[in-house]
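Following: one structure in structure tokens, then a few remarks.
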2 protein chains.
Amino acid sequence: MLIPRYFFANTFAGFYEYFLTQPHIRRNFQKEEYLWRLDEPLTHVYYVISGVAVATLEHEDGFRKISSFHSSGTIFPVSHQSSFKIEQSIAVTAVSEMETLCFTNEAFLQMLCENRQLMLCTLNWYASYVNLLLYESAHQDYNSSFIKLCNLLYLFSHNSPSGQEGRIDLTQENIAQILTMTRVNAARNLARLRDEKIIIPHRRWIEIIDQQALEAYCSLETLQP
Amino acid sequence: MLIPRYFFANTFAGFYEYFLTQPHIRRNFQKEEYLWRLDEPLTHVYYVISGVAVATLEHEDGFRKISSFHSSGTIFPVSHQSSFKIEQSIAVTAVSEMETLCFTNEAFLQMLCENRQLMLCTLNWYASYVNLLLYESAHQDYNSSFIKLCNLLYLFSHNSPSGQEGRIDLTQENIAQILTMTRVNAARNLARLRDEKIIIPHRRWIEIIDQQALEAYCSLETLQP
DNA sequence: CGACTCATTGACGTAGCTCAAGGTATGTGG
DNA sequence: CCACATACCTTGAGCTACGTCAATGAGTCG
């Protein structure tokens, strides 16, 4: 039974060879470079060979929400035939150097029609993304910011860029942007976890030193059974 | 360019004849009856012929969030091959008397493999649902509860069960459950809109009498261009 | 008419926001 | 290798939106 994940990896890894046989162009990105800027229409799909990208949504009042991270073996976004206003508020940025394969929407839809496994895999990826979003909008919304934070640390300790459990590579600002709270509030809740000897805050990353105590704070919806 | 919708209708209406040729059973529901209870695994898919269902998520502290409404010509949920913990917190209830076709997950996946149009339509429906959820978790989260409410009324005036613009068939409790706020807070914000002569609150429904003034309060992300 | 559900309003407490001042790692150029 | 700049983190004080608790009113139905 799956819990939500913010960090996606290897969802489509098995299709790499297949993708190479299909019409595409290779595109590499430097750290900090945009895969999509704000207002840019989502006209194509990236398959990530290596590196990590972050998807953010910009609110008209200047707030920026981090939605998800996409690493090797994943595609983003997913092709469809409608166009949604909110897509104009999405930006995707390389967190590290990246190698990708770039497909047009049409080419990708064509692949979905021809390759059943790819189609099923795409549905599963959509389901996984919906799961994350439902978790945020229907569950986390009711939790206090302290519980939200504990849940986030727990989920990242299960699925994180570092690969190391107990090491969360996020700044306080990142955390605030994921949880749609202020940096100050994130800092205060982290201070509480530090005072309770559950984490050690470092510069740009956080060390979990008492996983059990952390889990005890998490909401039931969050915990891996 | 599409704005979010809470109320889904006619997404799959064109497939009704096709669905009838596929293995299914007819199931009808009384008002208030469950299509799914809490903890019940999502082992099949419903196509709604008539009536309306509401999907809710239950938080462990007793809060109940209304996620979406599903009316004639829609299917819910979508088949996939994973199983997510949060699915156990989903309940779907008939708001009115309903007629449905019920498919097993396997049968539905088989149809997706065989019918390209259905597959494309399913992807579009997923995209539309993701759009709603992104809107909630990345945009509405930053708005004050007053703006949230205005946005909701605007969106429902574009897509609502009644079909009549200017008529919103929701109780204050429903509104609070959609916006994850308390009934009291929803009532206070409605009182403000009433005092400003933008709405007339009735029992179990709300009348919008000044659509322009309402739109002036809505966030940009919400408004149909 | 009584019972029920839904809506209104007040009093009060607090979580989380804003504004603000400082502290501490990391990187850069002289 | 030190001086300095920059990014990141910490902490305090005050404000307010929203939650909680509670009492009352107003439609609807048997």
Side-chain angles (χ1 to χ4, degrees), chain A residues 31-32 54 59 61-66 93 95 140-153 167-208 217 219, chain B residues 31-32 54 59 61-66 93 95 140-153 167-208 217 219:
Chain A
K31 194 173 167 176
E32 305 288 296
V54 61
H59 187 278
D61 294 345
F63 303 106
R64 178 167 299 178
K65 152 87 182 167
I66 293 179
T93 318
V95 173
Q140 283 281 65
D141 243 27
Y142 290 113
N143 294 327
S144 70
S145 61
F146 179 71
I147 303 295
K148 278 185 189 162
L149 173 62
C150 293
N151 286 344
L152 178 68
L153 293 176
R167 182 187 170 98
I168 316 286
D169 285 286
L170 294 171
T171 64
Q172 294 191 349
E173 174 133 37
N174 291 156
I175 290 173
Q177 288 175 333
I178 295 172
L179 297 177
T180 63
M181 62 175 71
T182 59
R183 210 183 69 271
V184 174
N185 192 23
R188 281 195 219 284
N189 285 302
L190 285 166
R192 173 171 168 196
L193 285 171
R194 178 200 58 202
D195 294 344
E196 296 187 13
K197 307 235 183 315
I198 293 171
I199 63 167
I200 300 176
H202 299 271
R203 195 182 167 80
R204 305 186 64 89
W205 66 284
I206 291 159
E207 187 179 358
I208 299 177
Y217 278 128
S219 60
Chain B
K31 195 174 168 177
E32 305 288 296
V54 60
H59 187 278
D61 294 346
F63 302 106
R64 178 168 298 178
K65 152 88 180 167
I66 292 179
T93 318
V95 173
Q140 282 281 64
D141 244 28
Y142 290 114
N143 295 327
S144 70
S145 62
F146 179 70
I147 303 295
K148 276 185 190 163
L149 173 61
C150 293
N151 286 344
L152 178 68
L153 293 177
R167 183 187 170 97
I168 315 286
D169 285 285
L170 295 171
T171 64
Q172 294 192 348
E173 174 133 38
N174 291 157
I175 290 173
Q177 288 175 333
I178 294 173
L179 297 176
T180 64
M181 62 175 71
T182 58
R183 208 172 33 56
V184 174
N185 191 23
R188 280 196 221 283
N189 285 302
L190 285 166
R192 173 171 168 196
L193 286 171
R194 179 200 58 203
D195 294 345
E196 297 187 12
K197 308 237 183 312
I198 293 172
I199 62 167
I200 299 175
H202 299 270
R203 194 183 165 81
R204 303 185 67 89
W205 66 284
I206 291 160
E207 187 180 356
I208 300 178
Y217 279 128
S219 60

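Proteins get letters first, then strands, A, B, ... in listed order; numbering begins at 1 in each.
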Quick one: which of C:dT8, D:dA26, D:dC8 gets closest to the side chain of B:R203? D:dA26
Check the surroundings of atom CZ in A:R204: do more than 12 heavy atoms from other residues, nucleotides or ligands lie under 6.0 Å from it? no
Between B:N174 and B:T171, is any side-chain donor less than 3.5 angstrom from a side-chain acceptor? yes
Can you measure B:I199 atom CD1 to C:dA7 atom C1' for me and round it to whole angstrom units? 12 Å
What integer distance in Å separates A:R192:CZ from C:dA15:P? 10 Å
Sidechain N-carboxylate O distance under 4.0 Å for A:D195, A:K197: no
Minimum-distance nucleotide (side-chain atoms of A:P201 versus D:dT10, D:dC18, C:dA7): D:dT10
To the nearest angstrom, how far is B:L193 atom CG from C:dT8 atom C1'? 15 Å
Side chain of A:R204 only, please: which of D:dA7, C:dG16, C:dC6 is the nearest? D:dA7
What's the closest nucleotide to the B:R188 side chain, out of D:dG19, C:dG10, C:dT8? C:dG10
Nearest-Å distance, CG (B:N185) to P (C:dT14)? 18 Å
Taking the nucleotide of DNA chain C with the nearest heavy atom to each, does A:F63 or B:R183 sit closer to the 5' end? B:R183
Whole-Å gap separating P (D:dA7) and CD (A:E173): 11 Å
If I take atom CG in residue A:D141 and atom P in nucleotide D:dC18, what distance separates them, rounded to the nearest angstrom? 13 Å
If I take atom CG in residue A:N189 and atom C1' in nucleotide D:dT10, what distance separates them, rounded to the nearest angstrom? 14 Å
Using a cut-off of strictly less than 4.0 Å, decide whether B:Q172 has a side-chain nitrogen or oxygen near OP1 or OP2 of C:dT8. yes
Any side-chain donor-acceptor pair under 3.5 Å between B:H59 and A:D141? no
Whole-Å distance between C:dT18 P and A:D61 CG? 10 Å
Check the phosphate of C:dT9 against B:R194, side-chain N and O only, distance under 4.0 Å to OP1 or OP2. Yes or no? yes
Counting only side-chain nitrogens and oxygens, does B:T182 get under 4.0 Å of the OP1 or OP2 atom of D:dC18? no
OP1 or OP2 of C:dC6 versus the side-chain N and O atoms of B:T171: is any pair under 4.0 Å? no
For a quick test of reading the model: is some side-chain N or O of A:S144 closer than 4.0 Å to OP1 or OP2 of C:dA15? no
B:L149 and side-chain contact (heavy atoms from CB on, under 4.5 Å): which single residue from B:N189, B:I199, B:N143 fits? B:N189
For the side chain of B:A191, starting at C-beta, report the closest nucleotide among C:dC17, D:dT10, C:dT9. C:dT9
